[in-house]
Asker: 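Dropping the structure in here first, questions after.
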Number of protein chains: 2
Amino acid sequence: MIPKAVDTKTRILDAAEKLFGKNGFDATSLRDITAEASVNLAAVNYHFQSKDSLIDAVIARRVEPVNQRRLEMLEAAGENPTLEQLLIAFLQPLMQHDFSVVYPLMARVLATPDTFVTHLLKRHLGLIIERFGEAFGKALPEFTETQIRWKMHFTAGAMAHVLSRAYMLPELMPDTKFDCQTALAELVTFAAAGFRAKEGI
Amino acid sequence: MIPKAVDTKTRILDAAEKLFGKNGFDATSLRDITAEASVNLAAVNYHFQSKDSLIDAVIARRVEPVNQRRLEMLEAAGENPTLEQLLIAFLQPLMQHDFSVVYPLMARVLATPDTFVTHLLKRHLGLIIERFGEAFGKALPEFTETQIRWKMHFTAGAMAHVLSRAYMLPELMPDTKFDCQTALAELVTFAAAGFRAKEGI
DNA sequence: GTCTATAGGTTGATAGAC
DNA sequence: GTCTATCAACCTATAGAC
């Protein structure tokens, strides 16, 4: 249950974020959300116009700060950042959230191929892909633009999979306690080597 | 529309596979499926007992041959397979399907964190993860079991992302025609380097 | 095996009182 | 801004005729 201390609009956003992440966008009804938020059903259509608008608002609230932080870290890395600096700037702002409610939501967004969610994703991620694409290309001038895109695509996929399957990682790795620092470090090591790898199959 | 040449049960499976992949499990109603298959609504509950059973059947029909092929290729690689051989044995049976209807369905399965689908996934993938985990560990004895699992996890995520975002790859890579041979080759190169990478962040 | 008909329940959205 | 009440549409599943 979402505490009553905050206002109705925020309670709806909090409840929707939690349930969208947990059960998906289609499987979560507005009634589920208003019950979780302890607000009236009609409040959703008053504060947001429709379920799609609500989905948009829920996603934007979390994605925008992450993307802002990514661009900040990209800029802070200077004129000629290392590959590892670029990977951390791209991955860390999302992967630092640890076990918060943000994880399942972002995993849903990344893993939902539906046109509406994909449209939102493109809108939010267009600039990021462009900027980081340039930066990766500059750091690794020996690769074509297409190869750089492939490598970014694989890295994003690995990250998305860590988020979306975070809950089953402890099961896959019995002797380790799962934490995001470790996941990030392992992923940066893995992706950096993958980025530098030359074709030779 | 699914041609009338095949029997009702197969037509339902074909239609369900197509629509589940395209719109997701929750968003696809039995009515959508029976309309696409040109069969009566009640036929679904006659041939399969419930929607969940149908989902199970749709997934099993595609996953089982892929997993069988994986184990065949693993065995065919002999006693001491190279890392590249292992990666190809794991990735190729799924990635060779090219633009068929199988892609979106498998992408859905891999990207749906819901308990029911995850349960199916575990049931179908348990043996594969175990066998390949052993093989990767044997090929790279300098890493701990947990590190091997991380690397497998990243590789699976990259593959899943290629499948689930296959339709937007041409857009990301304007100057290349997307094909699965290229995707597989790029992914094997990327993942092989990632597998061999030592911690050093 | 295939059909019609329908039960019984859910959904998103809105109208209108307060 | 918040509520109750309700609409029209949709859903899964089943009963029973053919």
Side-chain angles (χ1 to χ4, degrees), chain A residues 1-61 105 108 112 114-117 119-120, chain B residues 1-61 105 108 112 114-117 119-120:
Chain A
M1 286 288 188
I2 305 298
K4 282 234 173 192
V6 289
D7 68 349
T8 300
K9 197 168 177 177
T10 305
R11 290 227 305 285
I12 293 172
L13 284 172
D14 289 343
E17 173 171 67
K18 176 177 167 183
L19 294 175
F20 284 153
K22 194 175 170 197
N23 304 321
F25 299 107
D26 289 320
T28 303
S29 69
L30 297 182
R31 281 170 174 81
D32 294 337
I33 293 168
T34 54
E36 171 74 23
S38 306
V39 303
N40 189 273
L41 173 62
V44 171
N45 291 88
Y46 176 78
H47 287 286
F48 309 87
Q49 297 83 348
S50 64
K51 187 178 177 179
D52 276 358
S53 280
L54 175 62
I55 293 175
D56 194 354
V58 167
I59 294 174
R61 186 172 68 143
L105 175 78
R108 275 297 163 181
T112 303
D114 304 311
T115 49
F116 177 67
V117 176
H119 181 76
L120 294 183
Chain B
M1 285 288 187
I2 305 298
K4 282 236 176 192
V6 288
D7 67 349
T8 300
K9 196 168 177 178
T10 305
R11 290 227 305 285
I12 292 171
L13 283 172
D14 289 345
E17 173 172 67
K18 177 177 166 184
L19 295 175
F20 284 153
K22 195 175 170 198
N23 304 321
F25 299 106
D26 288 320
T28 302
S29 69
L30 297 182
R31 279 171 174 77
D32 294 337
I33 293 168
T34 54
E36 171 75 24
S38 305
V39 303
N40 189 274
L41 174 62
V44 172
N45 290 87
Y46 175 79
H47 288 284
F48 309 87
Q49 297 81 352
S50 65
K51 187 179 177 180
D52 275 359
S53 279
L54 175 61
I55 293 175
D56 194 355
V58 167
I59 293 174
R61 185 171 68 142
L105 175 77
R108 275 296 163 181
T112 303
D114 304 311
T115 50
F116 177 67
V117 176
H119 180 77
L120 293 182

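Lettering follows sequence order; numbering is per chain, from 1.
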Asker: Expressed as a whole number of angstroms, how long is the span from B:Asn45:CG to C:dG8:C1'?
Answerer: 15 Å

Asker: Could you give the CD-to-P distance, from A:Gln49 to C:dT14, as a whole number of Å?
Answerer: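 Distance, rounded to whole Å: 10 Å.
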
Asker: Can you tell which of D:dC3, D:dA13, D:dC11 lies closest to the side chain of B:Leu30?
Answerer: D:dA13

Asker: How long is the line joining CZ of B:Phe48 and C1' of D:dT14, in whole Å?
Answerer: 18 Å

Asker: 5'-most contact on DNA chain C: B:Lys9 or A:Asp52, nearest heavy atom basis?
Answerer: B:Lys9

Asker: Before giving the answer on side chain to side chain donor-acceptor pair (under 3.5 Å), spell out for B:Ser53 and B:Asp56 the whole-Å C-alpha distance, their side-chain angles and the decisive distance to 0.1 Å.
Answerer: CA-CA 5 Å; B:Ser53 279; B:Asp56 194 355; over 6 Å; no

Asker: Rounded to whole angstrom units, what separation is found between the CG atom of B:Asp26 and the P atom of C:dT10?
Answerer: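 Result: 16 Å.
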
Asker: Quickly work out the A:Ile33 CD1 to C:dT11 P distance and round it to whole Å.
Answerer: 11 Å

Asker: For D:dG1, does either OP1 or OP2 sit under 4.0 Å from a side-chain N or O belonging to A:Asn40?
Answerer: no

Asker: Check this one for me: any side-chain N or O of B:Thr8 less than 4.0 Å away from OP1 or OP2 of C:dG1?
Answerer: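 Answer is no, no contact under 4.0 Å.
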
Asker: Taking side chain to side chain contact (heavy atoms under 4.5 Å, CB included) as the criterion, tell me which of A:Leu13, A:Val58, A:Ile12 meets it with A:Ile33.
Answerer: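 Testing each of A:Leu13, A:Val58, A:Ile12 against A:Ile33, the sole residue satisfying side chain to side chain contact (heavy atoms under 4.5 Å, CB included) is A:Ile12.
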
Asker: Can you tell me the distance, in whole Å, between the NE2 atom of B:His47 and the C1' atom of C:dC3?
Answerer: 12 Å

Asker: If you check every side-chain atom of A:Ala42, which of C:dA13, C:dT4, C:dA15 has the closest atom?
Answerer: C:dA15

Asker: Expressed as a whole number of angstroms, how long is the span from A:Lys51:NZ to C:dG12:P?
Answerer: 5 Å

Asker: What is the separation between atom CD1 on B:Ile12 and atom P on D:dA13, rounded to the nearest whole Å?
Answerer: 13 Å

Asker: What nucleotide, of D:dT14, D:dC11, C:dT2, holds the atom closest to the side chain of B:Tyr46?
Answerer: C:dT2

Asker: For B:Lys51 and B:Asp26, what are the C-alpha separation, side-chain angles and deciding distance, and is it a salt bridge (Lys or Arg N to Asp or Glu O under 4.0 Å)?
Answerer: CA-CA 10 Å; B:Lys51 187 179 177 180; B:Asp26 288 320; 5.4 Å; no

Asker: Can A:Lys18 and A:Asp32 be said to form a salt bridge (Lys or Arg N to Asp or Glu O under 4.0 Å), step by step?
Answerer: CA-CA 11 Å; A:Lys18 176 177 167 183; A:Asp32 294 337; over 6 Å; no

